[in-house]
Amino acid sequence: MPQSVPSLPRRVARLLRTSLFAQVACALVIGVLVGRLWPEVATAVQPLGDGFVRLIKAMIAPLVFCVVVAGITKAGDLKAFGRIGIKALIWFEVATTIALVVGLVAGNLGRPGVGMNVDPASLDASAVDEKTGGGELPSTSEFILHSLPDSAVGAFAENSLLQVLVLACLVGAALLHLGNTKVPAILPAIEQAQELVFAVVGFIMKLAPLAVFGATAHLVGEYGLGALSTYGKLIGICYAVALIFLVLLGIALKAVTGLSLWKFIRYTREELLLALGTASSETVMPRMMQKLRQAGCRDDAVGLVLPTGYSFNLDGASIYLSVGTLFIAQAVGVDLTLGQQITVVLVLMLTSKGMAGVPGSAFLALSATASALGVIPAGAVALLLGVDRIMDAMRVSVNLLGNCVAVFAVSRWEGALDAHRAKKVLSGEIAFVPEDEQESGVDLTKDSVEPSRKSPSDDVLAASAATSGATSAAAATATSNESDPRVS
């Protein structure tokens with residue numbers, strides 16, 4: 001008897017029930033419709049998106065700590081970890097500089113601000129202060145000092161990723177130094193805590209469609225679609241530059257690792273859509289770490305490169321800052337010379353590194369750049385207030401993909417990438433399984449780069465298992481002796 005084919009409604013219902021991508025996509029469309037038709041309702045549902053972001057952020061610091069500590073101990077070589085960090089910083093600096101230069105070239109060719117003839121005196125500079133909360137970007141020394149924790153609890157309480165990374169490196173180094181004889185139970189406890197965090201993240205991710213609906217409805221309801229006509233040329237240039245930069249990233253990824261960026265985008269489509277819907281790349285960091293690890297990247301590379309990139313590798317923000325600076329100058333009738341544009345690149349290379357976690361950081365960076373040039377009125381930065389939120393989708397997607405490409409490239413550079421497994425995963429031959437759904441004891445990254453390499457963590461686990469086994473055997477013997485009348 002031929003097998004019956006499910007009807008279209010049944011197939012759609014099953015797809016919505018099982019596919020996170022389909023759920024988020026539907027939530028995105030519904031959010032746009034609600035925001036356009038009922039703006040007052042859209043404002044009321046904003047807490048759905050904000051609440052989801054807060055829940056995910058609560059898990060990021062403990063997750064990064066556990067992944068980095070476990071990664072250091074499994075690699076068994078602190079020098080290798082240091083090399084990964086140095087190579088990551090080199091990649092970040094090259095990538096952000098290219099993003100800045102490409103943005104400036106596009107701004108000169110497209111000239112998005114020409115013809116606006118804005119009088120700077122007519123702009124409300126106080127609106128920028130309201131957006132930034134009156135803050136300012138930290139200096140280089142302040143940025144470095146802020147990266148060093150003055151309290152172990154405070155680093156987690158403030159959700160400061162760089163401080164958590166420093167603590168994790170110190171703890172990982174201490175575990176390697178002490179070895180398996182002095183602290184046999186610490187590493188298994190950290191790995192179990194990591195599994196617990198991933199399980200919590202799995203629970204939170206089920207709320208992703210509600211978060212995307214709330215955030216999208218609020219965006220469309222509050223800002224409307226009018227900015228698309230007012231700033232259409234600026235938006236078009238920024239998104240075109242982002243596309244060009246992603247093509248360059250794809251070429252670099254193919255040349256360095258042999259992997260396809262398009263296949264990686266398909267592999268992470270749920271996370272990318274969620275990041276776009278919530279306008280936050282932090283919401284998908286836990287899932288991206290899982291997917292990168294299952295795609296053949298070693299734990300220590302993922303644990304160090306991805307979180308560090310959130311502070312040092314803001315490629316999308318760099319594109320926006322360079323194009324935005326030229327837009328402001330052109331709008332107020334200032335023609336920047338080549339020397340001044342080189343100054344823009346140099347200033348943004350510094351200010352863009354201290355942006356992460358600072359409210360209104362893009363406007364602070366633009367204000368700092370305008371002050372450094374001395375020819376653009378600081379109040380002119382207010383021109384971008386109406387379009388900043390629309391640029392979030394571009395910034396988030398490019399930042400996220402840029403950091404993921406950096407993980408693959410640095411892993412390959414350091415010999416911490418299983419390229420064979422990566423190709424199978426990105427081609428769909430090996431399915432992604434969330435770590436909270438994996439069977440206990442199953443290692444989906446078994447075919448690692450150096451499968452025969454024995455790490456200190458293996459010794460710790462072996463010692464812990466041996467101790468547990470010996471204790472259980474002794475207990476069993478004692479019980480047997482007590483119940484055996486022949487034993488006196």
Side-chain angles (χ1 to χ4, degrees), residues 60-61 63-100 140 143-144 146-148 160-170 172-173 245 248-250 252-257 259 261 264 268 281-282 284-286 288-293 295-318 349-350 352-357 398-419 422 449:
I60 288 177
L63 177 60
V64 169
F65 178 83
C66 293
V67 170
V68 171
V69 172
I72 292 176
T73 51
K74 286 180 178 179
D77 185 1
L78 197 60
K79 292 182 180 179
F81 197 72
R83 289 196 304 270
I84 290 174
I86 293 173
K87 291 173 181 177
L89 291 177
I90 294 173
W91 179 276
F92 294 160
E93 195 57 53
V94 171
T96 52
T97 302
I98 292 175
L100 289 171
T140 303
F143 179 71
I144 294 173
H146 184 69
S147 302
L148 303 176
S160 176
L161 285 188
L162 289 180
Q163 294 184 9
V164 171
L165 274 173
V166 171
L167 284 174
C169 291
L170 292 174
F245 184 77
L248 294 177
L249 271 182
L253 179 65
K254 190 71 174 179
V256 175
T257 66
L259 303 178
L261 180 60
F264 179 76
T268 58
S281 55
E282 289 185 337
V284 297
M285 183 192 285
M288 279 298 192
M289 294 180 80
Q290 292 184 56
K291 288 204 164 182
L292 288 167
R293 292 167 64 193
C297 296
R298 210 166 63 197
D299 286 6
D300 52 344
V302 174
L304 179 62
V305 178
L306 189 63
T308 308
Y310 274 63
S311 294
F312 290 94
N313 191 40
L314 305 175
D315 299 329
S318 298
M349 282 173 62
L350 296 175
S352 62
K353 300 300 183 292
M355 288 175 54
V398 176
N399 287 345
L400 186 58
L401 287 172
N403 287 326
C404 292
V405 169
V407 173
F408 279 117
V410 174
S411 297
R412 178 67 172 179
W413 194 358
E414 181 58 27
L417 174 66
D418 185 350
V449 180

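In this text, all values refer to a predicted model and were calculated from it rather than measured experimentally.
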Asks: Using modelled atom types and a 3.5 Å cut-off, is there a donor and acceptor pairing between side-chain atoms of S311 and backbone atoms of T308?
Replies: no
Asks: When rounded to the nearest 0.5 angstrom, what distance separates SG in C404 from CG in L400?
Replies: 4.5 Å
Asks: To the nearest 0.5 Å, what is the distance between CD1 (I72) and CG (L170)?
Replies: 8.5 Å
Asks: For residues V305 and N403, determine if any side-chain heavy atom of one lies less than 4.5 Å from a side-chain heavy atom of the other.
Replies: no
Asks: Let's go through Q163 and S147 carefully: what are the C-alpha distance in whole Å and the side-chain angles of both, what is the deciding distance for side chain to side chain contact (heavy atoms under 4.5 Å, CB included) to 0.1 Å, and is it a yes or a no?
Replies: CA-CA 5 Å; Q163 294 184 9; S147 302; 5.5 Å; no
Asks: Is the closest side-chain heavy-atom distance between L162 and F312 below 4.5 Å?
Replies: yes
Asks: Report the relative orientation of the aromatic rings in F264 and F408; use parallel for angles under 30°, tilted for 30 to 60°, perpendicular for over 60°.
Replies: perpendicular
Asks: What distance separates W413 CH2 from R83 CZ, expressed to the nearest 0.5 Å?
Replies: 12.0 Å
Asks: Do L314 and T96 make a side-chain contact, defined as non-hydrogen atoms from C-beta onward lying under 4.5 Å apart?
Replies: no
Asks: Which heavy atom of M289 sits nearest to which heavy atom of G303, and what is that distance?
Replies: CE-CA, 4.1 Å
Asks: Going through the distances and angles, do L259 and K254 end up as a side chain to side chain contact (heavy atoms under 4.5 Å, CB included)?
Replies: CA-CA 5 Å; L259 303 178; K254 190 71 174 179; over 6 Å; no
Asks: Counting C-beta onward and ignoring hydrogens, is there a side-chain heavy-atom pair between M288 and T268 closer than 4.5 Å?
Replies: yes
Asks: Which heavy atom in R293 sits nearest to a heavy atom in D299, and how many Å separate them?
Replies: NE-OD1, 3.1 Å
Asks: How many angstroms lie between atom CG of L292 and atom CG of L417, to the nearest 0.5 angstrom?
Replies: 10.0 Å
Asks: At what distance, to the nearest 0.5 angstrom, does CD1 of I84 lie from CG of L89?
Replies: 12.0 Å
Asks: Give the C-alpha distance, both sets of side-chain angles, the deciding distance and a yes or no for side chain to side chain contact (heavy atoms under 4.5 Å, CB included) between S160 and H146.
Replies: CA-CA 9 Å; S160 176; H146 184 69; 4.3 Å; yes
Asks: Starting at CE of M285, measure out to OH of Y310 and round the result to the nearest 0.5 Å.
Replies: 4.5 Å
Asks: Any side-chain donor-acceptor pair under 3.5 Å between N399 and D315?
Replies: no
Asks: With side chain to side chain contact (heavy atoms under 4.5 Å, CB included) as the criterion, how do F81 and V68 come out once you've worked through the C-alpha distance, each side chain's angles and the decisive distance to 0.1 Å?
Replies: CA-CA 10 Å; F81 197 72; V68 171; 3.6 Å; yes
Asks: Could you pull out the closest heavy-atom pair between R412 and A419, with the gap in Å?
Replies: NH1-CB, 3.9 Å
